[in-house]
Structures are given as C-alpha cells and as structure tokens.
Amino acid sequence: EALENTTAQEASVAEMKVAFTRRRSLIISLLNEIPNVKTNTPEGAFYVFPEVEAYFGKKTETGEVIKDSMDLSIYLLNVAHVSTVAGLAFGAPKNIRISFAASDENITNAIALIKKALAKLS
C-alpha cells in the first residue's frame, strides 16, 4: 500500500510539473506581447518577474504619475483588477511579480487586463 501511495504521489507531481511548465510558457508568451515589458524565464518558481520600468513616469487617465513598481502594482490592482507585487519588496525596483499558480484561462485573462491597463498610460 505504501508503494502504491508513493507511485500515485509521483504521478501527481509529474502532472503538476507539466501544468506549471505549460503555464510558465503561456504567461511569458503573453507578457512578451506587451510593449516595453521584458520578461525572463524563471527556473523553478511559479511566478514571473517582468521588468516594467518603461511605464515609470507615465500618467494615468486621472493624471497620477506612475513613479515606481509600487505605484504600478497599485494602478494594476485598481484599473485591471489584477494583483501583482512590487519588485521593491524583492530588491528589484524595476520589476513586478506575477504568479502563474492559476488556470490557463485566469492567466490569459489577467495578462489581457494588464495589457489593456498599461495601454491607457500616457
């Protein structure tokens, strides 16, 4: 019985690895379609850390200036209704962190909302 449990757990881990690899490829592909967003491929994490510095200094529709990754994360939460984490928290002030521990559909929708919100900045 212990051997059966171990085999089932290994199969489950293998399925999760395939799913997260697919999700990582999906989110990177979608982020690469957004102008001025630079994304690297994480090796083992379930989040990406795109550089978004090109959007600093831009203005929102209400005239507020995006000064840093914290401002951008707040803007994305308020406008796109997508939660990201400012890179400032990780010593990477030019970046934001986006988790891909979500369904393919949720990833696709979230990145589309982020892309639309970023396009509103001037």
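Quick note: numbers below take in every heavy atom, side chains included, and nothing from hydrogens, waters or symmetry partners.
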Who are the salt bridge (charged side-chain N to carboxylate O under 4.0 Å, His left out) partners of R23, not counting sequence neighbours? D104
Enumerate donor-acceptor pairs with a distance under 3.5 Å from any side-chain N or O in residues 25-33 to protein atoms, sequence neighbours excluded.
{"residue": "S25", "atom": "OG", "partner": "T21", "partner atom": "O", "Å": "3.2"}
{"residue": "N32", "atom": "ND2", "partner": "I28", "partner atom": "O", "Å": "3.2"}

N78: what forms a side-chain contact (heavy atoms from CB on, under 4.5 Å) with it, not counting sequence neighbours? I74
Those residues at least two apart in sequence (or on a different chain) that pass side-chain hydrogen bond (donor to acceptor under 3.5 Å, both in side chains) with S83 are none
Among pairs that include at least one residue of residues 50-78, which meet ring pair (Phe, Tyr, Trp, His ring centres under 6.0 Å), considering only residues two or more places apart or in two chains? none
Indicate, with yes or no, if I98 and V85 share a hydrophobic cluster defined by side-chain heavy-atom contacts under 4.5 Å among Ile, Leu, Val, Met, Phe, Trp and Tyr. no
What pairs with A110 under side-chain contact (heavy atoms from CB on, under 4.5 Å), at least two apart in sequence or on another chain? V82
Would you say K120 and V79 make side-chain contact, with heavy atoms under 4.5 Å? yes
Run the side-chain hydrogen bond (donor to acceptor under 3.5 Å, both in side chains) test on E64 and T62 for me, step by step, so that the C-alpha distance in whole Å, both residues' side-chain angles and the decisive distance to 0.1 Å come before the verdict. CA-CA 6 Å; E64 297 170 68; T62 59; 2.9 Å; yes
Considering residues at least two apart in sequence or located in another chain, which fulfil the side-chain contact (heavy atoms from CB on, under 4.5 Å) criterion with A54? N36
Stepwise side-chain contact (heavy atoms from CB on, under 4.5 Å) check, L121 with L72: CA-CA 10 Å; L121 295 172; L72 189 61; 4.2 Å; yes
What's the spacing between M70 CE and L88 CG if we round to 0.5 Å? 6.0 Å
Give me each pair satisfying ring pair (Phe, Tyr, Trp, His ring centres under 6.0 Å) with a member in residues 95-121, each pair once, sequence neighbours excluded. none
Identify all side-chain donor-acceptor contacts of residues 37-50 below 3.5 Å with residues at least two apart in sequence or on another chain.
none

Between A117 and A80, which heavy-atom pair has the shortest distance, and what is it? CB-CB, 3.9 Å
Who pairs with E53 by side-chain hydrogen bond (donor to acceptor under 3.5 Å, both in side chains), at least two apart in sequence or on another chain? none
Not counting sequence neighbours, which residues clear side-chain contact (heavy atoms from CB on, under 4.5 Å) with S73? List them please. T84, A86, I96
For K67, the salt bridge (charged side-chain N to carboxylate O under 4.0 Å, His left out) test, sequence neighbours excluded, returns D71
